[in-house]
Amino acid sequence: MHHCVTVNGSSLLFCEVIPRSTYGWCPGERYCSDSQGFTAQRDLVDARPRSYNGRRTPSRYRALLRMRKAKRRTVESSNRATDSPDTLFSKIDAQKTAVKRSLSSAATIVWLRGRGDLRIHDNPLLLQAQRLNEPLFIMFTWSSADADKNYGFGEAQRVFLFSAVDALNRALNMRFQQVIHYVRLSDDAGLEEYLQLFHFLEASLSARTLLMARRYEPPLLQLDMELECTLTKQRKWKVYTHNMHLLHEPWTVAYDGDATSSAGHFGTLLPFWQAWQRNADLPPEPAAAPSTLPPAAALERCEPRTPACCEKPPPLAGDAFVDRTTRCAPFQFVTSLVETGLHPVRPGTKRWDTVLLGSWAVDEERVRAFLRDFLEHRLPLYEKNKSRADLEVVSRLSPYLALGMLSAREVFHATRAASRRLAASERSKTFERRLIWRDLAYWTLYMFPEAVTTPIRSHYASQEWNEDPRLLAAWQRGSTGYPIIDAGMRQLWQTGWMPQNIRMAAASFLVEYLNIHWIHGLQWFHRTLIDLDIAINAMMWQNAGRTGLDMWNFVIHPETSARSSDPTGAYVRKWLPELAQLPNAYIHAPWKAPESVLSSAGVQLGATYPQRIIADLGAARKQSQAAVLEMRSRSMPQFFNADGYDRIRVPVLKAVSLPHERFQQTATADNTVWRHVFTRREFREAPFATHLPHETEACDRQEAQLLPKDSTRAMRGNGDAQAAA
DNA sequence: TGGTCGTTATA
DNA sequence: ATAACGACC
């Protein structure tokens with residue numbers, strides 16, 4: 001590590017030389033990270049800032065002239081319905097001045113995608129835009145790929161996202177006279193289309209700088225890397241990516257469950273937390289909102305619903321896009337968020353819009369006030385009452401964290417500060433760990449990119465499950481006949497949210513009693529949760545479904561747990577009004593109520609409220625346990641250690657601090673190790689004994705041999721990887 | 001959530 | 001030796 005050039009004449013940077021990667025990433029490039037963890041990229045040969053003007057090609061210049069001519073013709077009409085006339089005029093004025101500036105100097109693009117980046121406070125994109133002080137173009141893109149059923153936004157979350165983006169746009173408008181430009185991408189928008197979009201912005205705004213939040217979903221990790229590589233290498237852009245979502249990004253935590261992290265079982269919270277703390281300083285303090293932003297760079301807009309600027313981008317000699325210039329660009333700049341196609345509710349379908357949004361504010365300052373209110377009034381009660389669904393003591397901040405309307409760094413530091421002010425008895429170990437769990441979820445997804453769709457304990461894929469669609473439908477609709485489950489599932493459907501412990505009860509019910517594959521639970525939560533977070537959802541369902549790094553060591557009983565989580569019955573009465581008249585003794589078990597009690601409460605089982613879809617919970621649980629034991633009895637011996645714990649292959653990845661370095665390390669057979677993971681006692685028994693002792697002993701020997709060899713390999717860094725490549 | 005497991009208090 | 005407790009998953 002050594003010092004190198006400054007970016008934009010301000011901060012001193014720490015750099016290291018990154019060698020050629022196995023992905024062929026930018027050999028000889030130098031990546032710089034400043035003290036706040038921002039990363040940037042410079043060329044070793046020419047560290048001078050390279051302006052658009054200095055390198056304008058004749059054809060580009062002609063394109064610019066065409067643009068100017070077009071601007072004179074067209075009257076910019078910014079006609080968002082929510083704008084008051086005053087803001088509209090000031091916006092137009094701002095844009096008029098911006099047009100002049102944007103043509104004389106390069107513009108900076110802030111690219112928002114709605115995951116982690118929808119805020120003004122602690123927003124490194126805006127802060128860097130302020131420092132760069134170039135005309136600023138803020139853009140939100142939407143493609144139907146952003147609604148991917150595995151990796152995208154779910155339907156409920158899209159309703160919320162719509163409001164959140166709109167609210168941020170209004171806030172940027174009022175505070176900084178900035179507008180979010182909405183871009184509708186085509187359905188299968190991929191690398192090519194994004195490149196076309198940025199090419200267009202380069203031609204029309206002289207944009208050469210892109211600021212964006214990092215994403216961690218496996219397909220987006222790949223897309224973003226390719227995009228950044230192409231833009232920087234071929235187009236000479238400067239691309240700055242920022243961590244806006246996590247306390248520590250997964251590639252900064254070196255942890256493969258070796259002897260140095262012995263706090264608990266591999267993949268559980270405590271050893272991960274140790275590695276998390278060992279690896280780095282505390283996450284940086286949240287930054288304040290920028291005081292000002294540079295003037296807005298205005299774009300010559302296309303008419304709504306017409307393909308963007310058909311004659312653009314201009315042809316460039318030797319450019320990859322030459323043969324596309326005759327075609328219309330697939331993306332459109334649209335004048336309202338509705339036209340992006342983001343909102344999932346079609347006209348005429350009322351579902352979700354009213355109830356779902358009714359309980360969730362989208363204004364950033366109000367959200368931050370929620371945080372302060374929670375820390376002041378409810379945090380002291382949290383530890384004792386966190387599982388009480390009938391008291392509203394939990395933070396309800398998850399929808400905001402999921403979209404980045406609230407900074408995880410801000411929550412982390414504000415919680416620490418609030419906690420320090422409390423007496424020991426009032427502190428909440430659980431709440432203080434919540435954001436560590438969140439980092440663990442992202443680390444797990446980084447280590448196991450298939451975790452959204454496939455069991456991490458790969459041998460569990462052959463387990464037999466109950467495929468009865470009626471049982472699944474009853475669970476989804478909240479008509480299982482178990483009030484606490486049904487109340488939770490109806491709250492989820494109506495509001496997009498459930499308390500954590502009710503989520504766990506619902507998951508336990510699906511997996512342990514209905515014996516339905518956890519993937520169906522994951523997919524339902526994906527569609528219905530307003531606070532959907534891919535990594536957290538996958539971690540929760542893998543762990544509930546017994547196939548995760550961790551495995552829940554408990555089964556939540558739908559009646560007994562309800563008596564402790566909703567002792568007053570207020571929660572069930574709120575979400576199941578048809579049961580509201582039942583006395584407390586029967587509110588969580590209406591099937592036990594005498595006929596007279598039921599009829600005086602107006603309850604008719606099977607008519608006003610369903611009968612239980614399964615009545616013998618004990619037998620159901622035995623059956624799902626048997627399915628696991630049966631699957632394990634068929635599995636190969638390498639999947640178990642001598643004590644009957646499950647074993648999995650784990651990639652060995654060294655910790656890197658800069659995002660691109662992660663691509664130098666790929667998990668191959670050569671750099672994975674076997675690790676055993678926590679396994680419930682009830683599964684560690686009989687079927688495992690059917691394996692011959694020498695088989696598992698051989699595997700244990702193999703593990704013992706692999707362990708020291710691979711961990712030293714990992715420590716030596718990427719020299720070996722280079723030699724191998 | 002609830003079951004397991006290791007540690008500490010008590011006899 | 002056993003019960004009670006608390007940490008953990």
Side-chain angles (χ1 to χ4, degrees), chain A residues 255 257 261-275 382-391 393-394 424-425 427-434 436-437 440-441 443-444 456-457 460 480 482-489 491-492 498-514 518 521 525 536 539-567 571-572 588-589 617-618 620-622 624-625 628-629 641 643-648 675-685:
Chain A
Y255 170 48
S261 51
S262 53
H265 288 95
F266 176 68
T268 59
L269 183 75
L270 293 184
F272 173 77
W273 198 1
Q274 277 189 359
Y382 186 88
E383 195 60 35
K384 282 196 169 59
N385 299 297
K386 61 183 188 297
S387 63
R388 286 288 295 272
D390 52 346
L391 309 175
V393 76
V394 298
S425 64
R427 288 186 188 154
S428 173
K429 191 178 72 173
T430 312
F431 191 79
E432 287 168 32
R433 289 177 174 185
R434 285 266 127 100
I436 315 296
W437 276 108
L440 172 57
W443 176 86
T444 305
I456 289 176
R457 303 184 194 209
Y460 279 55
T480 66
Y482 289 93
I484 195 74
I485 306 297
D486 294 342
M489 297 305 287
Q491 181 187 25
L492 173 62
M498 267 200 272
Q500 168 69 1
N501 65 317
I502 306 297
R503 295 183 198 203
M504 292 172 83
S508 213
F509 190 80
L510 187 78
V511 168
E512 302 285 352
Y513 293 110
L514 297 184
W518 57 269
F525 273 33
I536 295 171
M539 177 176 74
M540 177 199 156
W541 281 102
Q542 290 257 6
N543 291 350
R546 321 180 189 96
T547 67
L549 286 187
D550 202 351
M551 178 190 272
W552 291 358
N553 195 18
F554 48 82
V555 173
I556 299 171
H557 192 283
E559 184 189 340
T560 54
S561 77
R563 295 194 189 284
S564 63
S565 65
D566 182 29
Y571 180 76
V572 162
H588 296 303
L617 293 177
R621 197 178 149 178
K622 278 210 180 72
S624 61
Q625 180 186 346
V628 176
L629 293 174
N641 79 358
D643 297 323
Y645 284 77
D646 287 316
R647 302 195 335 158
I648 57 171
R675 292 279 178 261
H676 73 270
V677 285
F678 176 76
T679 307
R680 269 190 220 161
R681 177 152 194 126
E682 61 189 284
F683 301 146
R684 302 204 290 259
E685 304 292 350

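In the text below, chain A, chain B and the rest are named by the order of the sequence lines, each starting its count at 1. The basis for the numbers below is simple: all heavy atoms, side chains too, and nothing from hydrogens, waters or symmetry mates.
- Judged as a side chain to side chain contact (heavy atoms under 4.5 Å, CB included), and not counting sequence neighbours, the contacts of Asn543(A) are Met539(A), Asp550(A), Trp552(A).
- No engagement by Ser565(A) is indicated, since no non-hydrogen atom pair under 4.0 Å with the nucleic acid exists.
- With sequence neighbours left out, Thr480(A) forms a side-chain hydrogen bond (donor to acceptor under 3.5 Å, both in side chains) with Asp486(A).
- Among residues two or more places apart in sequence or in another chain, the side chain to side chain contact (heavy atoms under 4.5 Å, CB included) test is passed with Arg621(A) by Tyr513(A), Val555(A), Glu682(A).
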Reading nucleotides 4-9 of chain C from the 5' end, what letters show protein touch, with B for base, S for backbone sugar-phosphate only, - for no heavy atom under 4.0 Å? ----SB
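- Among residues two or more places apart in sequence or in another chain, the side chain to side chain contact (heavy atoms under 4.5 Å, CB included) test is passed with Ala562(A) by Ile484(A), His588(A).
- Applying the side chain to side chain contact (heavy atoms under 4.5 Å, CB included) rule to Asn385(A) yields the partners Leu381(A), Arg388(A), Leu391(A), Val393(A); only residues at least two apart in sequence or on another chain are considered.
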